[in-house]
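Please read the structure below before turning to the comments.
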Amino acid sequence: MRRPLVCGNWKLNGSIGKTGQLIDALVSGMTGIDGVDIAVCPVFVHLPLACERAAGTALHIGVQDVSDQAQGAFTGEVGAGMAAEFGARIAILGHSERRARHGETDAGVAAKFIAARGAGLTPILCVGETLAERDAGDTLAVVTRQLDTVLEMTGVAGFGDGVIAYEPVWAIGTGRTATPEQAQEVHAALRGRLAAHDAALGEGARIVYGGSMKGANAGELMAMPDIDGGLIGGASLDADEFLAIARAAVAA
Ligand code: 13P
């Protein structure tokens with residue numbers, strides 16, 4: 001039985017005041033919600049604040065990216081070890097917004113995956129197709145390529161406790177969620193790909209869904225056999241809505 005993961009991707013949102021309030025609301029609202037890992041990923045500058053407020057609680061804090069380098073002449077980048085030193089435990093990698101806006105490649109994302117694992121962070125590898133790719137019937141080819149590049153560079157042992165997030169680009173921030181069946185088809189294919197490398201990895205790896213997930217649709221998505229939680233954007237900025245998703249993960 002895989003333990004579900006519900007992770008908020010706060011993207012470019014928050015402030016000293018709002019981030020602190022939201023962390024406090026989550027920590028107090030999480031009481032009694034057991035059987036699910038709950039995490040949020042604020043912007044880098046709010047990481048120390050978030051880690052301090054969440055210290056000693058069950059709320060995990062993560063980051064939205066890391067450098068593939070540990071340190072050195074890499075202006076503007078943040079090393080995974082630097083984030084881990086503050087208490088970050090998770091790193092979202094290869095989000096479609098970064099692939100599109102920053103030209104991140106499959107190989108570049110794989111290098112970040114290795115850096116994150118090396119610093120003890122749990123990577124969440126984002127994969128997903130655009131609407132044009134789905135319409136062309138290329139969905140499984142795209143997500144398989146995105147996963148394979150990482151697996152080829154890490155090997156099975158290097159993939160470790162890595163999490164995959166299936167995030168169809170057309171469902172992100174659009175209010176248009178993949179149907180449970182559409183998502184399950186892709187999740188099952190990704191799990192099959194992991195299993196082809198290693199049966200235990202296929203069985204144990206968590207594959208979460210992201211794309212307009214909210215309290216009202218989380219239950220039916222997470223009821224699918226290969227959907228082990230969610231990576232949530234907009235709805236994670238509202239403590240009640242986000243915790244409703246966490247409860248749905250426990251019930252699924
Ligand atoms: P939304 O939940 O806002 O659609 O965003 C999903 C996402 O991109 C999470 O990484």
Side-chain angles (χ1 to χ4, degrees), residues 4-14 18-19 22 26 36-44 46-47 50 59-66 83 88-102 104 109 112-113 116 121-131 133-134 139 142-143 146-147 150 162-180 182-183 186-187 190 206-222 224 227-249:
L5 168 67
V6 168
C7 181
N9 175 5
W10 286 358
K11 306 191 180 183
L12 184 55
N13 290 291
K18 281 189 195 156
T19 297
L22 193 43
L26 291 174
V36 55
D37 288 338
I38 305 177
V40 293
C41 301
V43 297
F44 275 118
H46 295 153
L47 179 65
L59 180 64
H60 296 188
I61 305 297
V63 292
Q64 301 170 18
D65 181 38
V66 294
R89 299 171 66 165
I90 284 174
I92 300 170
L93 300 175
H95 193 282
S96 59
E97 288 154 10
R98 295 201 58 84
R99 290 180 192 258
R101 286 180 54 85
H102 300 277
E104 294 202 3
V109 172
K112 291 182 174 198
F113 190 104
L121 301 179
T122 297
I124 301 182
L125 169 67
C126 299
V127 301
E129 82 288 4
T130 63
L131 190 55
E133 288 164 340
R134 173 161 282 268
T139 297
V142 168
V143 299
Q146 291 170 331
L147 173 60
V150 174
V163 176
I164 302 174
Y166 170 51
E167 297 207 315
V169 178
W170 47 271
I172 294 176
T174 59
R176 189 179 159 194
T177 318
T179 65
Q182 283 174 322
V186 179
H187 282 233
L190 290 165
R206 294 185 289 188
I207 307 178
V208 303
Y209 168 82
S212 298
M213 186 183 264
K214 46 188 189 283
N217 60 27
E220 58 179 12
L221 285 159
M222 294 191 291
M224 303 309 276
I227 302 184
D228 307 315
L231 183 58
I232 298 106
S236 71
L237 296 169
D238 179 307
D240 291 339
E241 191 68 26
F242 185 60
L243 291 174
I245 297 172
R247 281 192 202 90

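When a ligand or atom number is given, it counts from 1 through the structure's own listing order.
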Whether [X] side chain and [Y] backbone form a donor-acceptor pair below 3.5 Å:
| X | Y | result |
| --- | --- | --- |
| Trp10 | Val43 | no |
| Arg206 | Val163 | no |
| Asn217 | Ser212 | yes |
| Asp228 | Ile207 | yes |

Distance under 4.0 Å to a non-hydrogen atom of [X]: what atoms of ligand 1 satisfy this?
| X | value |
| --- | --- |
| His95 | 7 (C), 8 (O), 9 (C), 10 (O) |
| Gly211 | 4 (O), 6 (C) |
| Ala171 | 4 (O) |
| Gly234 | 1 (P), 2 (O), 3 (O) |

| For Arg98, does the CZ atom sit with more than 12 other heavy atoms under 6.0 Å from it, leaving out its own atoms? |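 Check passes, neighbour count above 12.
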
| So which bit of Asn9 gets within less than 4.0 Å of ligand 1, heavy atoms only: side chain, backbone, both or neither? |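 Just the side chain.
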
| task | Go through the steps to decide whether Val169 and Arg99 satisfy the test side-chain contact (heavy atoms from CB on, under 4.5 Å), and finish with yes or no. | result | CA-CA 11 Å; Val169 178; Arg99 290 180 192 258; over 6 Å; no

| task | Answer with yes or no whether the side chains of His95 and Gln64 bring together a donor and an acceptor at under 3.5 Å. | result |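 Gln64 vs His95: no donor-acceptor pair found between side chains.
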
For [atom], which protein heavy atom lies nearest, and how many Å away is it?
| atom | result |
| --- | --- |
| atom 7 (C) of ligand 1 | Glu167 OE2, 3.2 Å |
| atom 6 (C) of ligand 1 | Gly233 N, 3.7 Å |
| atom 5 (O) of ligand 1 | Lys11 NZ, 3.3 Å |

Judging by distance only, is a nitrogen or oxygen of [X] under 3.5 angstrom from one on ligand 1?
| X | result |
| --- | --- |
| Gly173 | yes |
| Glu97 | no |
| Ser212 | yes |

| Taking every non-hydrogen atom, the tightest pair across Ile227 and Leu221 | CD1-O, 3.2 Å

